[in-house]
Amino acid sequence: MNVITVDDYKNTYWPKLDSAIDQLLTQSPGDYIPISYEQIYSCVYKCVCQQHSEQMYSDLMCKITAHLEKVSLELQATSPEHYIEKFNLALSQYMGALHSIVPLFIYMNKFYIETKLNRDLKDDLIQLFTEHVAEKHIYSLMPLLLEAQSTPFQITPSTMASIIKGLYTLRPEWVQLAPTLFSKFIPNILPPAMESELQDYAAQDQKLQQDLMQNGFNR
């Protein structure tokens with residue numbers, strides 16, 4: 001294997017990785033990404049073998065942090081009526097990108113992050129979204145989710161489920177912000193129901209049936 005100098009890394013290898021990461025972070029579900037996964041995988045492998053892991057890890061984290069800060073600013077500028085959908089898109093798009101980014105950097109993860117930092121790349125990248133996006137928006141997002149929950153068909157059930165499950169993955173303790181809402185999508189997070197509460201649950205079910213009928217759904 002040819003020697004990869006610091007200049008080679010900066011001018012040849014990292015630019016290839018940088019461009020691929022850009023495309024993966026901004027792709028929409030179902031998009032075709034015109035990159036060679038084999039070529040990117042090979043770049044990472046060669047850089048790890050030539051002792052560029054530390055710089056590559058630093059560059060990757062800086063690259064994704066900058067992207068997430070931009071995402072956060074776009075969310076701040078989003079109107080309340082589009083905020084939930086915009087957050088869901090940002091979360092889904094990022095998690096989808098990780099499905100490609102993490103395997104591409106598997107050699108760096110195995111021979112640098114796990115062995116020298118005692119961490120895991122996927123965990124680090126999820127933490128970046130938590131710190132730079134979710135933490136900054138959770139207290140704006142939750143009131144809108146609670147309002148949407150009480151207004152049937154304001155958002156689709158799949159969107160609500162995607163966000164709640166995503167937030168739970170990012171930080172399980174956020175359940176405490178809205179335990180009842182989280183319990184609709186995350187099993188076994190509330191204590192078992194007591195007999196005295198069964199009447200309340202029956203009333204909630206009856207109200208849901210009435211809401212469905214008022215919106216054109218038959219029994």
Side-chain angles (χ1 to χ4, degrees), residues 1-78 85-138 162-163 165-167 169-171:
M1 184 183 295
N2 294 330
V3 173
I4 300 175
T5 66
V6 172
D7 285 343
D8 290 336
Y9 169 79
K10 289 182 178 179
N11 299 323
T12 302
Y13 286 85
W14 175 251
K16 290 180 181 178
L17 298 175
D18 183 87
S19 176
I21 294 165
D22 256 337
Q23 294 181 67
L24 292 169
L25 287 172
T26 56
Q27 70 176 325
S28 297
D31 277 359
Y32 169 71
I33 304 298
I35 63 174
S36 168
Y37 287 88
E38 184 177 356
Q39 184 183 55
I40 301 305
Y41 186 85
S42 176
C43 277
V44 172
Y45 174 76
K46 291 175 182 177
C47 290
V48 170
C49 291
Q50 297 282 317
Q51 308 301 313
H52 295 290
S53 295
E54 183 177 356
Q55 185 61 54
M56 185 163 51
Y57 175 74
S58 175
D59 289 339
L60 176 63
M61 299 300 278
C62 288
K63 170 75 178 177
I64 294 183
T65 295
H67 167 77
L68 292 175
E69 288 176 345
K70 181 181 176 183
V71 168
S72 182
L73 289 174
E74 291 174 353
L75 276 170
Q76 287 179 11
T78 302
E85 292 288 352
K86 186 81 171 179
F87 185 92
N88 184 51
L89 174 62
L91 177 60
S92 301
Q93 193 173 50
Y94 185 74
M95 291 303 185
L98 295 195
H99 288 308
S100 296
I101 293 173
V102 171
L104 287 174
F105 286 87
I106 188 171
Y107 270 97
M108 183 182 73
N109 188 46
K110 184 174 182 180
F111 293 104
Y112 176 70
I113 302 175
E114 289 183 353
T115 57
K116 294 192 176 182
L117 303 181
N118 295 314
R119 296 204 303 270
D120 177 77
L121 178 59
K122 184 177 180 180
D123 292 343
D124 283 359
L125 296 181
I126 288 176
Q127 183 62 24
L128 284 184
F129 189 93
T130 303
E131 291 178 0
H132 295 284
V133 180
E135 282 183 353
K136 295 180 179 180
H137 295 273
I138 186 68
S162 174
I163 293 177
K165 290 177 181 179
L167 292 175
T169 297
L170 297 177
R171 185 155 292 174

Hey, are the side chains of Leu125 and Met61 touching, using non-hydrogen atoms and a 4.5 Å cut-off? yes

Leu91 vs Met95, side chain to side chain contact (heavy atoms under 4.5 Å, CB included): CA-CA, chis, key distance, verdict: CA-CA 6 Å; Leu91 177 60; Met95 291 303 185; 4.0 Å; yes

Please confirm whether the backbone N or O of Ile64 pairs with a side-chain atom of His132, one donor and one acceptor, at under 3.5 Å? no

Going by heavy atoms in the side chains, are Cys47 and Ser53 under 4.5 Å from each other? no

Atom pair OG (Ser36) and NZ (Lys16), whose distance is rounded to the nearest 0.5 Å: 9.5 Å

Taking all atoms of both residues into account, what is the closest heavy-atom pair of Val133 and Leu75, and its distance? CG1-CD1, 3.8 Å

The ring pair (Phe, Tyr, Trp, His ring centres under 6.0 Å) partners of Tyr41 (sequence neighbours excluded) come to Tyr107

Let me see the working for Met56 and Tyr9 under side chain to side chain contact (heavy atoms under 4.5 Å, CB included), right down to the final yes or no. CA-CA 9 Å; Met56 185 163 51; Tyr9 169 79; 3.5 Å; yes

Between Gln50 and Val3 the two heavy atoms that sit nearest each other are OE1-CA, 3.4 Å

Quick check on Gln127: does its CD atom have over 12 non-hydrogen neighbours (other residues, nucleotides or ligands) under 6.0 Å away? yes

Between the CG atom in Leu128 and the CD atom in Glu69, the distance rounded to the nearest 0.5 Å is 9.5 Å

Verdict with reasoning, Gln93 to Gln27, per side chain to side chain contact (heavy atoms under 4.5 Å, CB included): CA-CA 7 Å; Gln93 193 173 50; Gln27 70 176 325; 5.5 Å; no

Taking C-beta and beyond as the side chain, do Val71 and Tyr94 meet within less than 4.5 Å on heavy atoms? no

Does atom CD1 of Ile106 have more than 12 heavy-atom neighbours from other groups under 6.0 Å away? no

Do Glu54 and Tyr57 touch side chain to side chain, with heavy atoms closer than 4.5 Å? no

Compare every heavy atom of Lys122 with every heavy atom of Asp120, then report the nearest pair and how far apart it is. OD2-N, 3.1 Å

Using modelled atom types only, decide if a donor and an acceptor are shared between the side chain of Ser92 and the backbone of Asn88 within a distance under 3.5 Å. yes

If you measure from the Lys or Arg side-chain nitrogens to the Asp or Glu carboxylate oxygens, is any gap between Arg171 and Glu135 under 4.0 Å? yes

Any side-chain donor-acceptor pair under 3.5 Å between Gln55 and Asp59? yes

Would you name the heavy atoms of Ile113 and Asp124 that are closest together and state the gap between them? CG2-OD2, 4.2 Å

To the nearest 0.5 Å, how far apart are OG1 in Thr12 and CG in Leu17? 11.0 Å

From Ser58 OG over to His52 NE2, what is the distance, rounded to the nearest 0.5 angstrom? 14.0 Å

With a 3.5 Å distance limit and no angle check, can you tell me whether Thr115 reaches the backbone of Phe111 through a side-chain donor-acceptor pair? yes

Any donor-acceptor pair under 3.5 Å linking the side chain of Thr78 with the backbone of Glu74? yes

Look at the rings of Phe87 and Phe129 and say which category their plane angle falls in: under 30° parallel, 30 to 60° tilted, over 60° perpendicular. perpendicular

Please round to the nearest 0.5 Å and tell me the distance separating atom OH of Tyr37 and atom OG of Ser100. 4.0 Å

On a heavy-atom basis, which atom in His137 and which in Gln76 lie closest, and how many Å separate them? CE1-CG, 3.5 Å

Which distance, rounded to the nearest 0.5 Å, do you find between the CG of Leu121 and the CD1 of Ile126? 10.0 Å

Scanning both residues in full, the closest heavy-atom pair of Ala134 with Leu170 reads CB-CD1, 3.7 Å

For residues 18-26, run the donor-acceptor check on the side chains, cut-off 3.5 Å, and write out each pair with its distance to 0.1 Å, sequence neighbours left out.
| from | atom 1 | to | atom 2 | distance (Å) |
| --- | --- | --- | --- | --- |
| Asp18 | OD1 | Lys63 | NZ | 3.2 |
| Asp18 | OD2 | Lys63 | NZ | 3.4 |
| Asp22 | OD1 | Lys63 | NZ | 2.9 |
| Asp22 | OD2 | Lys63 | NZ | 2.9 |
| Thr26 | OG1 | Asp22 | O | 2.9 |

Set of residues satisfying side chain to side chain contact (heavy atoms under 4.5 Å, CB included) with respect to Asp7, sequence neighbours excluded: Thr5, Asn11

